[in-house]
There are 2 protein chains.
Amino acid sequence: MGDSTQQLDRAFAALADPTRRDLVARLSVSDATVGELAEPYEVSFQAISKHVKVLEDAGLVTRSRDAQRRPVHLNPEALDLMTQWIERYRREAEERYRRLDALLARTAQDDEDRRPDKEQTS
Amino acid sequence: MGDSTQQLDRAFAALADPTRRDLVARLSVSDATVGELAEPYEVSFQAISKHVKVLEDAGLVTRSRDAQRRPVHLNPEALDLMTQWIERYRREAEERYRRLDALLARTAQDDEDRRPDKEQTS
DNA sequence: GTATTTGTCAACCAGTTGGTTGAATAAGGG
DNA sequence: CCCTTATTCAACCAACTGGTTGACAAATAC
């Protein structure tokens, strides 16, 4: 449990904002510059620049250099880290509930078997 | 895209906090009351109660009633919603990069084929 | 060089968040 | 009925967030 904690903090926080999720969705289709990314939104160019920085600090995107442009590039591995975290506990919980359901079903069956006026099941 | 937006906002924001992620991890193993959940942490009981409320508002946990106790119960479906969102764009991006890699490989091969002193590959 | 394009940094503001403490509520137990 | 247990509500505070505008920086184009 090293500092993947902080990485997860930042990654989840980054995706908690709908504008940033939209940026990620668009970046999954193609890389883009901050200018291109900012174009469709009402908010200022600087606001989008900040959002991109948040995504970058979270490790969700990286950037290269092409003349004045700084193309933004989605990093699928960071997304993978998040799914791994989530899926681990989702699976754990679902298995547990499955086991619990099975137990309840068995108990119900036992009760049934214990009924005084029970009928032979087979 | 109805109000799953807000649900995702809340769910991602909820998991952005390490204490809340820890609560989720523990709840994946077994349901627990707020008191039980609060016990291992240094912070006040009320602080944990607030954290649980955040998880509840995000749809990540539900609660029932057992005398004075209000057992907290993890909701795996909410986790599933998150993975679905993430995986959609992760897959999209990874496929795109695979295609790009393939294209680059083909281009490199063409260059190779075009070399004047090229050697037959097979 | 100077101007243009592309983007960041800095200061500020309003609203939210995570923490605190103390009071209030809810449901049983004696 | 009062007492205890379990939990929430309310008020407050410091820190963070997402937005703004204006100044600055970097790389290229002329």
Side-chain angles (χ1 to χ4, degrees), chain A residues 3 5-27 30-75, chain B residues 3 5-27 30-75:
Chain A
D3 71 323
T5 295
Q6 239 191 341
Q7 169 133 14
L8 284 173
D9 286 4
R10 294 201 179 114
F12 280 116
L15 294 191
D17 183 281
T19 301
R20 285 192 297 254
R21 280 202 308 279
D22 197 48
L23 292 173
V24 166
R26 291 172 56 202
L27 287 168
S30 73
D31 292 5
T33 67
V34 178
E36 289 161 354
L37 289 173
E39 202 271 319
Y41 306 105
E42 298 277 286
V43 299
S44 72
F45 173 80
Q46 289 97 319
I48 300 300
S49 177
K50 271 193 185 182
H51 279 309
V52 172
K53 182 152 185 24
V54 172
L55 291 171
E56 188 178 23
D57 290 346
L60 288 166
V61 305
T62 57
R63 315 160 89 155
S64 38
R65 168 69 76 178
D66 169 27
Q68 305 104 310
R69 270 151 267 126
R70 320 253 299 108
V72 185
H73 169 96
L74 187 60
N75 176 18
Chain B
D3 70 322
T5 294
Q6 240 191 341
Q7 169 134 18
L8 283 173
D9 286 5
R10 295 204 179 110
F12 280 116
L15 295 191
D17 183 282
T19 301
R20 283 190 300 253
R21 280 202 307 281
D22 197 47
L23 291 174
V24 167
R26 291 172 56 202
L27 287 168
S30 72
D31 293 4
T33 66
V34 178
E36 288 162 356
L37 289 173
E39 200 271 318
Y41 306 106
E42 297 277 284
V43 299
S44 71
F45 173 81
Q46 289 96 318
I48 300 299
S49 178
K50 273 193 183 182
H51 279 309
V52 172
K53 181 154 186 23
V54 171
L55 291 171
E56 187 178 23
D57 290 346
L60 288 165
V61 305
T62 57
R63 315 159 90 155
S64 37
R65 167 69 76 178
D66 168 27
Q68 304 104 311
R69 268 149 266 128
R70 318 254 300 108
V72 185
H73 168 97
L74 187 59
N75 175 18

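Chain naming here is simple, since letters A, B, ... match the order of the sequence lines and numbering starts at 1 in each. Values reported hereafter were calculated over all heavy atoms of this structure, with side chains retained and with hydrogens, waters and symmetry mates removed.
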Value for CZ (B:Arg69) from OG1 (B:Thr33), rounded to nearest 0.5 Å, stands at 8.0 Å
Contact under 4.0 Å: B:Arg20 side-chain N or O vs C:dG18 OP1/OP2
yes
**Asked** Is the distance from OP1 or OP2 of C:dT6 to the nearest side-chain N or O of A:Arg63 less than 4.0 Å?
**Response** no
Answer yes or no: is there a donor N or O on one side and an acceptor on the other, between the side chain of B:Arg10 and the main chain of B:Gly59, under 3.5 Å?
no
Side-chain contact check for B:Arg65: nearest option of C:dC9, C:dA26, C:dG22 is C:dA26
*Quick one: is D:dT17 close enough that its OP1 or OP2 comes under 4.0 Å of any side-chain N or O from A:His51?*
no
B:Leu15 atom CG is separated from C:dT17 atom P, nearest whole Å, by 15 Å
Out of C:dG28, D:dT8, D:dA23, minimum distance to the side chain of B:Ala67 belongs to C:dG28
From CD of A:Gln46 across to P of C:dC13 the rounded distance in Å is 18 Å
Is B:Thr33 near enough to D:dT7 that one of its side-chain N or O atoms lies under 4.0 angstrom from OP1 or OP2? yes
From CZ of B:Phe45 across to C1' of C:dG19 the rounded distance in Å is 15 Å
Whole-Å distance, A:Phe12 CZ to C:dT17 C1', equals 18 Å
Under 3.5 Å, side chain of B:Arg20 to main-chain N/O of B:Asp22, donor-acceptor pair present?
-> no
A:Glu39 CD to C:dT5 P, in whole Å, measures 16 Å
- prompt: Closer than 4.0 Å, any side-chain N/O of A:Ser44 to the OP1 or OP2 of D:dT20?
  reply: yes
On DNA chain C, more 5' by nearest nucleotide between A:Ser49 and A:Gln68 is A:Gln68
*Ignoring hydrogens and geometry, is there a side-chain-to-backbone donor-acceptor pair from B:Arg21 to B:Leu23 under 3.5 Å?*
no
Would you state whether a donor and an acceptor, one from the side chain of B:Glu42 and one from the base of C:dG19, lie under 3.5 Å apart?
no
Note: for B:Pro71 and A:Val54 on DNA chain D, the residue whose nearest nucleotide lies more 5' is B:Pro71
Would you say a side-chain N or O of A:Arg70 is under 4.0 Å from OP1 or OP2 of D:dA27?
-> no
So CZ of A:Arg70 and OG1 of A:Thr62: to nearest 0.5 Å the spacing works out to 10.5 Å
When rounded to whole Å, the CZ to P distance for the pair A:Arg69 and D:dT28 reads 9 Å
A:Lys50 NZ to C:dC12 C1', in whole Å, measures 10 Å
Atom NZ of B:Lys53 and atom P of D:dA10 are separated, to the nearest Å, by 11 Å
